[in-house]
Amino acid sequence: LNHVIETDAAIVGAGPAGLFQVFQLGLLGIKAHVIDSLPHAGGQCIELYPDKPIYDIPATPVCTGRELIHQLLTQIAPFNAVFHWGQEVVSVSATADQRWQLHTQALAATGSALEPTKTFITKTLFIAGGVGSFQARQINLPGIEAYRARQVHYHYRTQDSTQNKTQWAGQQVLVLGGDETALQCAIELAQQPSAHRPAKVMLLHRRSVLQAAPQTLAHLEQLRQNQQLQFMVGQITGFEQSRQTDTATLTALHITDPQGHTHTVALNTVLAFLGLSPKLGPIAQWGLHLSRKQVVVDSEKFQTSAPGIFAVGDINTYPGKKKLIVCSFHEATLAAFAAASHLSPHAQVALQYTTTSTQLQQRLGVAHK
Ligand SMILES: Cc1cc2nc3c(=O)[nH]c(=O)nc-3n(C[C@H](O)[C@H](O)[C@H](O)COP(=O)(O)OP(=O)(O)OC[C@H]3O[C@@H](n4cnc5c(N)ncnc54)[C@H](O)[C@@H]3O)c2cc1C
């Protein structure tokens, strides 16, 4: 069912820029809807470097990507933004009454449950799309896409729901990839209680070197030695299927090892973690003034060529632009003030301090402490 959500502010992207945008809008009393194609917050900080330290966040000498996002989510909690996960904003168009209409498309690639496509009508729009919407890299084997979502899943997350955790009980599951997420998934499946555990858990990577935290590697090695998990090195070079009535079932993969020998590996399910590549995609089609695939903004309001549409974070460009998280925080602050004026053109938007303003403290839920 396609329902329309009407709002004062919609934010495309829940990376650090989009999250801090929620905060700055919240201080000004503006509630936001946040849409991201991923099933969770964090953008690059979570997808590309969750455990790496960041040293240049003001007043935070060091924190990891994951810690930064956790802190931002805690900081914006009082403002009750509505998050729409697994939804890619595909189109933006003007309405007759100077608002903006957005359409989303649910993404199965993230492994999250498919939600119906949504339509938003918003007075102000904040594009915080970073380097683009993250898409799962596909297995490079013609024909394999026919099994997608049935037997081949991309970036499936075992922690998403308890029901999902158990759906491969008794099956032969091949996890594809060599990074932390792939290893975590294989480990979690191999460790399920016996009633829920797959009959066989295999991990396949194209190289023998795996890139994960030392404790994850040690854990994997222990499961491998206990024969709870099998690790293989090689490339997928073919597949086998069986056909009953009109649906084909994937029954095996051909895996070619580094010595050039091809093995046939029987399986029921493939969980592929081949990385996520950002795709600017739809944002480029929204009729905004672009320069080298970045959205052009002014550095007073961080407004794009369309009135009421702002762009913050890695997606925007202006003279002197630096793609740093700290800069996106400044951009989101000024964009919020500009949006408040856009929403109430005749009202004065006063600058207030969180330390002394009762109004801001009420919005933050910390008044009278
Ligand atoms: C390895 C690495 C280390 C880094 N270290 C630092 C550092 O130490 N300090 C620092 O300041 N910066 C660092 N950066 C850069 C920093 O991560 C980025 O500047 C920051 O993530 C940009 O935030 P953002 O919110 O603009 O975009 P992103 O973090 O890219 O988030 C954008 C979000 O928008 C979503 N999105 C995009 N298009 C759509 C759409 N059409 N529909 C729905 N959702 C969409 C994406 O899925 C994504 O979640 C580092 C980057 C990398 C890769």
Side-chain angles (χ1 to χ4, degrees), residues 10-24 33-69 72-73 76 83-92 100 102-107 109-112 115 117-120 122 125-136 155 179-180 211 275-286 288 290 293-295 297 302 309-318 321-332 335:
I11 301 171
V12 181
L19 296 180
F20 200 64
Q21 190 67 67
V22 169
F23 183 79
Q24 288 296 338
H33 284 258
V34 185
I35 309 150
D36 202 299
S37 45
L38 291 171
H40 49 244
Q44 293 170 56
C45 300
I46 294 293
E47 290 318 305
L48 303 180
Y49 58 103
D51 301 308
K52 283 207 171 71
I54 310 174
Y55 299 99
D56 58 348
I57 303 298
T60 304
V62 60
C63 68
T64 64
R66 201 189 307 281
E67 285 162 351
L68 176 72
I69 297 308
L72 282 168
L73 287 171
I76 69 176
F83 290 98
H84 305 267
W85 303 124
Q87 299 273 328
E88 182 176 56
V89 178
V90 284
S91 71
V92 173
W100 298 101
L102 279 59
H103 286 295
T104 69
Q105 177 183 294
L107 286 186
T110 55
S112 62
E115 279 187 65
T117 293
K118 294 178 183 177
T119 301
F120 296 80
T122 185
L125 173 62
F126 298 81
I127 303 174
V131 282
S133 118
F134 283 97
Q135 315 276 316
H155 280 259
D179 66 2
E180 185 74 30
Q211 282 189 322
L276 295 157
S277 65
K279 182 190 79 165
L280 181 64
I283 296 175
Q285 318 296 321
W286 297 345
L288 301 169
L290 300 180
K293 295 192 178 172
Q294 314 287 305
V295 180
V297 292
F302 297 93
I309 305 188
F310 304 85
V312 294
D314 279 12
I315 194 87
N316 76 12
T317 184
Y318 54 91
K321 169 71 183 180
K322 298 284 176 283
K323 288 189 185 185
L324 287 171
I325 295 165
V326 64
C327 299
S328 76
F329 292 168
H330 165 78
E331 295 161 12

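Values below: all heavy atoms of this structure, side chains included; hydrogens, waters and symmetry mates excluded. Whatever order the structure lists them in is the order used to number ligands and atoms, beginning at 1.
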If the condition is ring pair (Phe, Tyr, Trp, His ring centres under 6.0 Å), which residues does Phe329 pass it with, not counting sequence neighbours?
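Residues passing ring pair (Phe, Tyr, Trp, His ring centres under 6.0 Å) with Phe329: Phe20.
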
The criterion is ring pair (Phe, Tyr, Trp, His ring centres under 6.0 Å); which residues satisfy it with Tyr318, sequence neighbours excluded?
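Applying ring pair (Phe, Tyr, Trp, His ring centres under 6.0 Å) to Tyr318 gives Phe302.
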
Suppose the criterion is salt bridge (Lys or Arg N to Asp or Glu O under 4.0 Å): which pairs have a residue in residues 49-64, not counting sequence neighbours?
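Every salt bridge (Lys or Arg N to Asp or Glu O under 4.0 Å) pair that includes a residue of residues 49-64, provided the two are not neighbours, is Asp51-Arg66.
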
Specify the closest pair of heavy atoms between Thr122 and Ala10, including all atoms of both residues, with the distance to one decimal.
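So the two residues come closest at OG1-N, 3.3 Å.
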
Are any side-chain N or O atoms of Asp36 and backbone N or O atoms of Gly13, one a donor and one an acceptor, separated by less than 3.5 Å?
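No.
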
Lys118 backbone acceptor or donor facing Thr104 side chain under 3.5 Å
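Answer holds: yes.
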
Considering only N or O atoms, set out every pair between ligand 1 and the protein closer than 3.5 Å, with distances to one decimal place.
unit_1	atom_1	unit_2	atom_2	d
ligand 1	9 (N)	Asp56	OD1	2.8
ligand 1	9 (N)	Asp56	OD2	3.3
ligand 1	11 (O)	Ile325	N	2.9
ligand 1	14 (N)	Tyr49	OH	3.3
ligand 1	17 (O)	Tyr49	OH	2.5
ligand 1	19 (O)	Asp314	OD1	2.8
ligand 1	19 (O)	Asp314	OD2	3.2
ligand 1	25 (O)	Pro16	N	3.4
ligand 1	25 (O)	Ala17	N	3.0
ligand 1	26 (O)	Asp314	N	2.9
ligand 1	29 (O)	Gln44	N	2.9
ligand 1	30 (O)	Gln44	NE2	2.8
ligand 1	38 (N)	Ser133	N	3.4
ligand 1	41 (N)	Val89	O	3.1
ligand 1	42 (N)	Val89	N	2.9
ligand 1	44 (N)	Ser37	N	3.2
ligand 1	47 (O)	Asp36	OD1	2.8
ligand 1	47 (O)	Ser37	OG	3.3
ligand 1	49 (O)	Asp36	OD1	3.2
ligand 1	49 (O)	Asp36	OD2	2.7

